[in-house]
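Quick notes on the structure that follows.
Naming: A, B, ... by sequence-line order, numbering from 1 per chain.
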Number of protein chains: 2
Amino acid sequence: MPRRRGATRYAILGMLNESPMSGYDVKKRIETDLGHFWRESYGKIYPELRKLVLDGLATVRTQDQEGRPSRKVYTITVNGMVDLRKWASQAPPDLLDTGELLLKIYHGHLVSSANTASLLRKALQRAREELQEIRQHYEDEEEASSGADAGRQHRIVTLRYRLRYYECLCLWAEESLEKLEGGSSRHL
Amino acid sequence: MPRRRGATRYAILGMLNESPMSGYDVKKRIETDLGHFWRESYGKIYPELRKLVLDGLATVRTQDQEGRPSRKVYTITVNGMVDLRKWASQAPPDLLDTGELLLKIYHGHLVSSANTASLLRKALQRAREELQEIRQHYEDEEEASSGADAGRQHRIVTLRYRLRYYECLCLWAEESLEKLEGGSSRHL
DNA sequence: GAGAACATGTAAGCGGTTACATGATTAT
DNA sequence: ATAATCATGTAACCGCTTACATGTTCTC
């Protein structure tokens with residue numbers, strides 16, 4: 001399974017970009033908005049928010065409340081917005097890491113439709129390469145019916161899982177590209 | 001992404017079950033045999049092999065060689081085989097963690113076809129529940145065309161990813177069940 | 001009265017990778 | 001020459017989760 005590297009930072013920054021909020025709010029927002037493909041714990045959110053301020057990508061102000069613990073409200077800075085947009089526009093280093101790709105697509109409205117389409121096109125290309133390879137493996141295994149060895153049947157089931165997964169990835173990328181390009185700019 | 005807990009142990013034990021081998025061999029075997037859905041590093045393999053011996057699930061003997069570094073050849077014990085079979089027969093705690101499910105299915109020939117089918121049926125059930133939920137979310141988002149807000153288009157793309165993924169998971173489980181049950185015992 | 005929601009943070013620990021250390025042999 | 005293969009192992013590090021600490025208010 002692929003590593004996430006610095007992506008946590010941009011998941012948080014993306015939430016702050018919608019409106020200023022506390023670490024507690026960020027947690028809930030990520031759950032509701034990105035919950036289908038992303039999750040973060042307090043153990044990562046709070047330290048990262050501190051770093052965001054140190055790096056000048058956000059500012060904090062403490063908001064005292066009656067009866068409730070006081071909140072630290074974080075606001076994204078101009079630098080933060082610039083950084084977020086830049087990150088969102090660049091293709092993820094591992095195009096098959098759908099987590100990071102999905103997070104970038106989610107932030108697609110910050111960049112351009114053409115850009116999102118470009119990310120998807122690159123991912124589709126990689127997925128197709130992968131699909132071709134796994135198809136070959138799968139067919140080789142199916143045809144090599146010479147030995148009806150014990151594990152063969154089950155091995156094929158695991159191979160087919162991968163086959164179906166990449167077929168599905170390609171299908172999704174294709175239909176998403178169609179909808180994105182059909183809906184806005186056709187000039188690419 | 002779900003945690004793997006103790007599954008490394010059984011990936012290794014599964015290799016030793018095919019034939020006695022060294023840690024170096026285990027690494028290569030896992031790459032070729034399980035590479036489509038599993039990977040292990042030396043940093044995990046060597047310490048785990050030591051534990052396997054301590055727990056009585058494997059034995060070691062050192063094999064000196066001329067010119068080459070000497071090998072430590074590990075052999076699975078009867079206890080090891082019993083443990084492996086037991087693990088392979090039980091449904092993974094998280095049925096949507098395909099990694100562990102696939103590893104158990106791969107070892108299906110150690111148990112029974114009926115057992116593997118049962119694991120698949122349980123996973124299919126969970127996947128269908130999940131699919132139903134995500135379908136609802138997806139339709140809600142598509143119908144709520146009230147606000148043509150900035151992020152909507154991209155949010156839908158990420159939701160559709162999940163939708164397609166669970167569709168594909170269900171499809172795979174269904175066709176795998178069919179092939180497993182059509183091929184051997186129909187009595188379940 | 002119990003438990004959830006509000007709210008922030010830290011420390012311990014787990015699971016995992018990478019780089020390092022060592023060194024001969026064989027294939028290109 | 002140079003890289004790959006053979007072979008074992010460890011230490012440092014990273015990313016991440018979980019549990020803990022603290023305390024009020026609102027809801028059932």
Taking for Pro47(B) and for Asp25(B) the nucleotide of DNA chain D with the nearest heavy atom, the one nearer the 5' end belongs to Asp25(B)
* Scan side-chain atoms only and decide if Asp25(A) and Ser22(A) contain a donor-acceptor pair under the 3.5 Å cut-off. => yes
Between atom [atom1] in [X] and atom [atom2] in [N], what is the gap in whole Å?
| X | N | atom1 | atom2 | value |
| --- | --- | --- | --- | --- |
| Arg9(B) | dG15(C) | CZ | P | 12 Å |
| Arg71(B) | dA7(D) | CZ | P | 5 Å |
| Tyr42(A) | dT22(D) | OH | P | 19 Å |
| Glu48(B) | dT10(D) | CD | P | 14 Å |
| Tyr24(A) | dA5(C) | OH | C1' | 5 Å |
| Lys51(B) | dG9(D) | NZ | C1' | 14 Å |
| Glu40(B) | dG16(C) | CD | P | 7 Å |
| Asp64(A) | dA7(C) | CG | P | 12 Å |

Thinking salt bridges, do [X] and [Y] make one under a 4.0 Å N-O criterion?
| X | Y | answer |
| --- | --- | --- |
| Glu130(A) | Arg126(A) | yes |
| Glu174(A) | Arg128(A) | yes |
| Arg29(A) | Glu40(A) | no |

Under 4.0 Å from OP1 or OP2 of [N]: is there any side-chain N or O of [X] that close?
| X | N | answer |
| --- | --- | --- |
| Lys28(B) | dC6(D) | yes |
| Lys44(B) | dG16(C) | yes |
| Lys27(A) | dC6(C) | no |
| Ser70(B) | dT8(D) | no |

Nearest-nucleotide check on DNA chain C, Ser41(B) vs Lys72(A); residue mapping nearer the 5' end is Lys72(A)
Checking dT8(C), dG9(D), dG16(C) against the side chain of Tyr46(A) (C-beta onward), the nearest is dT8(C)
Check your understanding: For the residue pair Trp172(B) and Tyr161(A), does the interplanar ring angle fall in the parallel (under 30°), tilted (30 to 60°) or perpendicular (over 60°) class?
Key -> perpendicular
